[in-house]
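Just so we're on the same page: letters track the sequence lines, and every chain starts at 1.
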Number of protein chains: 2
Amino acid sequence: MIDVRFSTAVQMVLSIALAEHDGFRCTSQTLADGLGANPSFVRTLMVPLNRDGLLLSTKGKGGGIRLGRPSDKITLRDIYCAVTEDKKLFVARPDVPARCRISANIGDFFQIITQDAEGAVLHSLENRTVADSLKKILQIDRRRQAKLSSGAPAKLIRTAT
Amino acid sequence: MIDVRFSTAVQMVLSIALAEHDGFRCTSQTLADGLGANPSFVRTLMVPLNRDGLLLSTKGKGGGIRLGRPSDKITLRDIYCAVTEDKKLFVARPDVPARCRISANIGDFFQIITQDAEGAVLHSLENRTVADSLKKILQIDRRRQAKLSSGAPAKLIRTAT
DNA sequence: GGATAATGCAATCGTAATAATTGCATTATG
DNA sequence: CATAATGCAATTATTACGATTGCATTATCC
């Protein structure tokens, strides 16, 4: 099954950022609605984001989820690292027998490749802050709205999700 | 199950390159031995590599697998693209309902991120040719051998795998 | 203080992509 | 013609991830 945790986490954080920006309260239930998912699943995925200080959950009635720090101080790299934990971008074939000069060293070699590629990915993500991303996605939204100009009126409700 | 096709394919191609370099014949059986895998599995994984001209398989007795072009004309990017086909590095969460300005546009936004990151990965792979990689892995091997200097003698057999 | 409403977390089941196996047809060599 | 290789289809096994359920805990609001 394809790993969609990163894209799910990005959507969650952007939704929370929008909620803060618009003055709405955000709960795992409202986030789950926007994701087409289960509130408990949302909370599970939030664990590493809370742990890394990207989000701040408050329990009890009236509680909910807020950003752990200003939106321009959270990058997509932070989100990626939080949800993927120590999972590598590529993974080496396990249990390769050391039969020859290739098989005996392929693990070390592949680790170099992986670090290289992963560094490139992280670099591409670290320049995108949540603030930038929110601005970008709202820009995309305005363009989308414009294209529907003479079509059906927008029916989107203005909620946190 | 974790996808190890890329690392498996890299090992296969490097083994074939070494075999050509050392003048050994390479079959799906010898490759499978070096991978700790099944010859049929190896042949399945070889399909896209053959299709893209990276490898050249010859049937019948005395047949086997050779590189489709010189080792300095095959990059790890070629191998990656062959085995991953159209699979994206990141995949967006499916079936997100368009409930708000985030959920309605997250797909478009995430596609931008993915293209960016994927481009970075491909760039990190395209500078590594099979020739370079083979040189590198043999260099790693020499260093490893040196470290075992006063230890047990190397027992690696000098085969194609 | 009690009802309410939120998170936290553990346990469990379902699903789908990948790994691995088997078997045989095909092909080409020697 | 025997041998030895690939090609390929069908099947099974494995496992990471998705999703659900249930409940304990915690905090707020009336």
Atom CZ of B:Arg66 to atom P of D:dA5: distance rounded to whole Å?
15 Å
Once you round it to whole Å, what is the distance between C1' of C:dC9 and CG of A:Leu45?
15 Å
Would you mind writing out the side-chain donor-acceptor pairs for residues 106-118 of chain B within the sub-3.5 Å range, not counting sequence neighbours?
residue, atom, partner, partner atom, Å
B:Thr114, OG1, B:Phe110, O, 2.9
B:Asp116, OD2, A:Arg128, NH2, 3.3
B:Glu118, OE2, B:Leu89, N, 2.7

Which residues pass the salt bridge (Lys or Arg N to Asp or Glu O under 4.0 Å) test with A:Arg93, sequence neighbours left out?
none
Taking atom P of C:dA17 as reference, at what distance in whole Å does atom CG of B:Asp86 sit?
12 Å
When the distance from CG of A:Leu49 to P of C:dT7 is rounded to whole Å, what number comes out?
14 Å
Please tell me which of the listed nucleotides, C:dA19, D:dT6, C:dG8, lies nearest to the side chain of B:Asp3?
C:dA19
Between atom CD1 in A:Ile65 and atom P in C:dG8, what is the gap in whole Å?
8 Å
For the pair B:Lys87 and B:Asp3, find out whether any cationic side-chain nitrogen is under 4.0 Å from an anionic carboxylate oxygen.
yes
4.5 Å side-chain heavy-atom contact, B:Arg143 and B:Gln139:
yes
Among residues two or more places apart or on two chains, list those pairs meeting salt bridge (charged side-chain N to carboxylate O under 4.0 Å, His left out) that have a residue in residues 40-61 of chain A.
A:Arg51-A:Glu85
What contact category does B:Thr44 fall into here, base, sugar-phosphate, or nothing, at under 4.0 angstrom with non-hydrogen atoms?
nothing
Partner residues of B:Thr129 under the side chain to side chain donor-acceptor pair (under 3.5 Å) criterion, sequence neighbours left out
B:Asp132
Once you round it to whole Å, what is the distance between C1' of C:dT4 and CD of A:Gln29?
15 Å
If only side-chain N and O atoms of A:Arg25 are considered, is one of them under 4.0 Å from the OP1 or OP2 phosphate oxygen of C:dA6?
yes
If you check every side-chain atom of A:Asn50, which of D:dG7, D:dA19, C:dG8 has the closest atom?
C:dG8
C:dA6 P sits how many Å from A:Leu56 CG, rounded?
17 Å
I need the CZ-P distance between B:Arg5 and C:dA17, as an integer number of Å.
11 Å
So which protein N/O to nucleotides 22-28 of chain C N/O distances come out below 3.5 Å?
residue, atom, partner, partner atom, Å
C:dT22, O4, B:Ser40, OG, 2.7

With A:Arg77, which residues qualify under salt bridge (Lys or Arg N to Asp or Glu O under 4.0 Å), at least two apart?
A:Glu126
Can you identify which nucleotide, out of C:dT7, D:dG18, C:dT18, has its nearest atom closest to the A:Thr27 side chain?
C:dT7
Short side-chain N/O contact from A:Lys87 to OP1 or OP2 of D:dC17, under 4.0 Å:
yes
